[in-house]
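Below is one structure, written out as structure tokens; comments come after it.
Quick caveat, the model's predicted, so the values are computed rather than measured.
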Amino acid sequence: MQDEVGVPEMQVVVGCADLDAALDHFTSVLGLRVDRISPADSPREADLSGHGIAVGLRRDAAAPTAPALGLDDLRQALAGSAPAGVVVAPRPPPSSGELPPLQPALVVSRRSEADGFGAGRVGMGYRDLIPGRLGGRFIASHIRIDGGGEVPDYAHYHHVRFQMIYCYRGWVRVVYEDQGPPFVLAPGDCVLQPPGIRHRVLESSPGLEVIEIGCPADHDTFADHEIVLPTGVLDPQREFGGQRFVRHVAAAASWEPVGEGRLERDTGIGAATHGLAGARVLRLGRDTAVPPTTHHAELLFRFVLDGAVTLGVGERRLELGPADSVVIPPAEPFSMVPVGPGTEILEVSLPDQWGQTPSSVGSDPSSSGV
């Protein structure tokens, strides 16, 4: 039986210890295409289709490394004679969009203590900046592409509540639905990816590094095999899931004073999300202390772009340098003092702590669904 877009409702479910090897077999050898993958930072499952067949790959340490199944094997499984370890089941529905309960915590991630960058979607390396995910509510990733050149990506979209990308080092060329021709993100640039916007990563410099923040932590990535990007349309006011696309260009942005010795470069994400989220870059002068304060947001995330700071959180004193990050729990007093000149920090909050008041989330930020 087929659904409304011609993909079978039933799929052959295959366990595999090595999901990357299995994906290569089913796409390169059998000619199937990826319809969904989840999660992007460390894929555990993927749904594919082609030749009138749907396949669900599920990472399973006890399964063969790369199942050498052919199209005839898949057809026989659908006909009722599945090989050992292969079952037939309905394709899973999209995630419900319900947000898991927030579990606040102080989370410190130091680049010097990282185990490295794990393998993620389309060969990108991912470093997890919030390992506990605050109960599954948020994910923050330091993403790297070592080799550069063309990226084997495809037009896709995400089932998310919030997602932004900040270019930290190198450059990347991307294209977005109804946002004109492809463009390059340079260091300091960022984009807000509204829910459901189709987009694609085209190519990057060697050693590209970006910071990605998303909510919820686990969300589906869907391929769109029909859309052609660019679409030939430029519509910056179009809303996707109640949010506008943002392309923030650092070289064209202004710095505004926010206190003695402190400057702010706002990204425009607060306005584009109607206060659901905010993102800015802080530039701190030498020995310019940020006065102690508290916050009551779901998330307050800081990533040190350059320089170093001493961060006080409650009774703790944390020394943070380049590529270190911290999540500061709500209602916990915190302060910050730069160590030397030239300190810059990316700061992201949900809801926006500096400008817009959330108009779509009410008194409970979790009331805004995915």
Excluding sequence neighbours, so at least two apart, what forms side-chain hydrogen bond (donor to acceptor under 3.5 Å, both in side chains) with E332?
none
So, D153 side chain and V201 main chain: donor-acceptor pair closer than 3.5 Å or not?
yes
Distance-only side-chain donor-acceptor flag, S109 / R127, under 3.5 Å:
yes
So, taking the atom named CG in D266 and the one named OG in S254, what distance separates them when rounded to the nearest 0.5 Å?
9.0 Å
Distance from S204 atom OG to I143 atom CD1, nearest 0.5 Å?
12.0 Å
Partners meeting side-chain hydrogen bond (donor to acceptor under 3.5 Å, both in side chains) with D220 (sequence neighbours left out):
R36, S38
Checking R244 side chain against H274 main chain: does a donor-acceptor pair fall under 3.5 Å?
no
Strictly below 4.0 Å, N to O, side chains only: are R44 and D218 in salt-bridge contact?
yes
Taking every non-hydrogen atom, the tightest pair across H296 and T294
NE2-OG1, 4.2 Å
Decide, yes or no, whether a salt bridge links D178 with R238 under the criterion of side-chain N to carboxylate O below 4.0 Å.
yes
Does I139 share a hydrophobic cluster with L276, counting links as ILVMFWY side-chain heavy atoms below 4.5 Å and allowing steps through other members?
no
Could you work out, with ring-ring contact (aromatic ring centres under 6.0 Å, His included) as the rule, every residue matching F301, not counting sequence neighbours?
none
Please name the pair of heavy atoms, one in V160 and one in P216, separated by the smallest distance, quoted to 0.1 Å.
CA-CD, 4.4 Å
With side chain to side chain contact (heavy atoms under 4.5 Å, CB included) as the criterion, how do R161 and L99 come out once you've worked through the C-alpha distance, each side chain's angles and the decisive distance to 0.1 Å?
CA-CA 9 Å; R161 176 192 184 207; L99 294 174; 3.7 Å; yes
Counting C-beta onward and ignoring hydrogens, is there a side-chain heavy-atom pair between L300 and E347 closer than 4.5 Å?
yes
Worked verdict on L71 versus L32 for side chain to side chain contact (heavy atoms under 4.5 Å, CB included)
CA-CA 10 Å; L71 293 177; L32 276 65; 4.1 Å; yes
Polar contact flag, side-chain donor to acceptor under 3.5 angstrom, E319-T310:
yes
Look only at the side chain of S141 and the backbone of E212, and say whether a donor-acceptor pair between them is shorter than 3.5 Å.
no
Short question: side chain of D146, backbone of G207 - any donor-acceptor pair under 3.5 Å?
no
In the structure I gave you, are the side-chain heavy atoms of V108 and L318 within less than 4.5 Å of one another anywhere?
yes
CD on Q11 to CG on D35, rounded to 0.5 Å
9.5 Å
Here's one to test your reading of the geometry: is the NZ or CZ of R247 within 45 degrees of the ring axis of F183 and under 6.0 Å from its centre?
yes
Taking the side chain as C-beta and beyond, is there a heavy-atom pair between V172 and V184 under 4.5 Å?
no
Test item: S81 side-chain N/O and A77 main-chain N/O as donor-acceptor pair under 3.5 Å:
no
Are L129 and L102 linked, directly or through other ILVMFWY residues, by side chains that come within less than 4.5 angstrom of each other?
yes
Check whether any side-chain heavy atom of W255 lies under 4.5 Å from a side-chain heavy atom of R262, and answer yes or no.
no
Side chain to side chain donor-acceptor pair (under 3.5 Å) partner of H199, the single match among H156, E177, Q179:
H156
Chi angles and distances behind the ring-ring contact (aromatic ring centres under 6.0 Å, His included) call for Y166, H248:
CA-CA 9 Å; Y166 183 93; H248 173 78; 8.1 Å; no
Do any N or O atoms from the side chain of D324 and from the backbone of R111 form a donor-acceptor pair under 3.5 angstrom?
yes
Should H225 and R33 count as side-chain neighbours, where that means a heavy-atom distance under 4.5 Å?
yes
Taking a hydrophobic cluster as the set of Ile, Leu, Val, Met, Phe, Trp and Tyr residues connected by side-chain heavy atoms closer than 4.5 Å, whether directly or through intermediates, do V175 and L234 fall within one such cluster?
no
Can R75 and H51 be counted as having a side-chain donor-acceptor contact under 3.5 angstrom?
no
Quick test of your reading of the model: are R91 and E9 salt-bridged, counting only N-O distances below 4.0 Å?
no
Is there a donor-acceptor contact under 3.5 Å from the side chain of R200 to the main chain of V174?
no
Do Q193 and Y176 meet the criterion of a side-chain donor-acceptor pair at a distance under 3.5 Å?
yes
If you look at every heavy atom in G170 and L208, which pair is closest and at what distance?
C-CD1, 4.2 Å
Counting C-beta onward and ignoring hydrogens, is there a side-chain heavy-atom pair between D306 and T343 closer than 4.5 Å?
no
Assess whether a salt bridge exists between R198 and D224, defined as any Lys/Arg side-chain N lying under 4.0 Å from an Asp/Glu carboxylate O.
yes
Is it the case that more than 12 heavy atoms not belonging to E239 sit under 6.0 Å from its CD atom?
yes
Under the 3.5 angstrom rule, does the side chain of H25 hit a backbone N or O of D20 as a donor-acceptor pair?
no
To the nearest 0.5 Å, what is the distance between CG (L282) and CG (L263)?
9.0 Å
Before we go on, tell me: are the rings of H159 and H219 under 6.0 Å apart, centre to centre?
no
Residues E203 and R173 bridged, charged N to O under 4.0 Å:
yes
Under the ring-ring contact (aromatic ring centres under 6.0 Å, His included) rule, collect the residues that match up with F222, sequence neighbours excluded.
Y157
Test of understanding: with side-chain hydrogen bond (donor to acceptor under 3.5 Å, both in side chains), list the residues that count as partners of D24, not counting sequence neighbours.
S28
With a 3.5 Å distance limit and no angle check, can you tell me whether T267 reaches the backbone of A279 through a side-chain donor-acceptor pair?
yes
Shortest non-hydrogen pair, Q353 vs A297, comes out as NE2-CB, 3.6 Å
Below 6.0 angstrom between ring centroids: does that apply to F245 and F240?
no
Taking atom CD1 of I213 and atom OG of S349, what is their separation to the nearest 0.5 Å?
11.0 Å
Give a yes or no on whether the backbone of P43 and the side-chain of R59 come within a donor-acceptor separation of less than 3.5 Å.
yes
Taking all non-hydrogen atoms of both residues, which atom of R265 and which atom of G188 are closest, and how far apart?
NH1-O, 3.1 Å
Would a 4.5 Å heavy-atom cut-off, applied to side chains only, mark P195 and Q243 as touching?
yes
Is it possible for you to say whether W171 and Y168 belong to one hydrophobic cluster, with membership spreading through side-chain heavy-atom contacts below 4.5 Å?
no
Determine the sole option in L69, D47, V14, V13 for which the side chain to side chain contact (heavy atoms under 4.5 Å, CB included) test with V55 is passed.
V14
Go through the structure and list residues passing side-chain hydrogen bond (donor to acceptor under 3.5 Å, both in side chains) with R316, not counting sequence neighbours.
none
Does any non-hydrogen side-chain atom of V191 lie less than 4.5 Å from one of C167?
no
Report whether V210 and L202 are members of the same hydrophobic cluster (ILVMFWY, side-chain heavy atoms less than 4.5 Å apart, transitive linking).
no
dist I165:CD1 -> I211:CD1 (nearest 0.5 Å) comes out at 9.5 Å
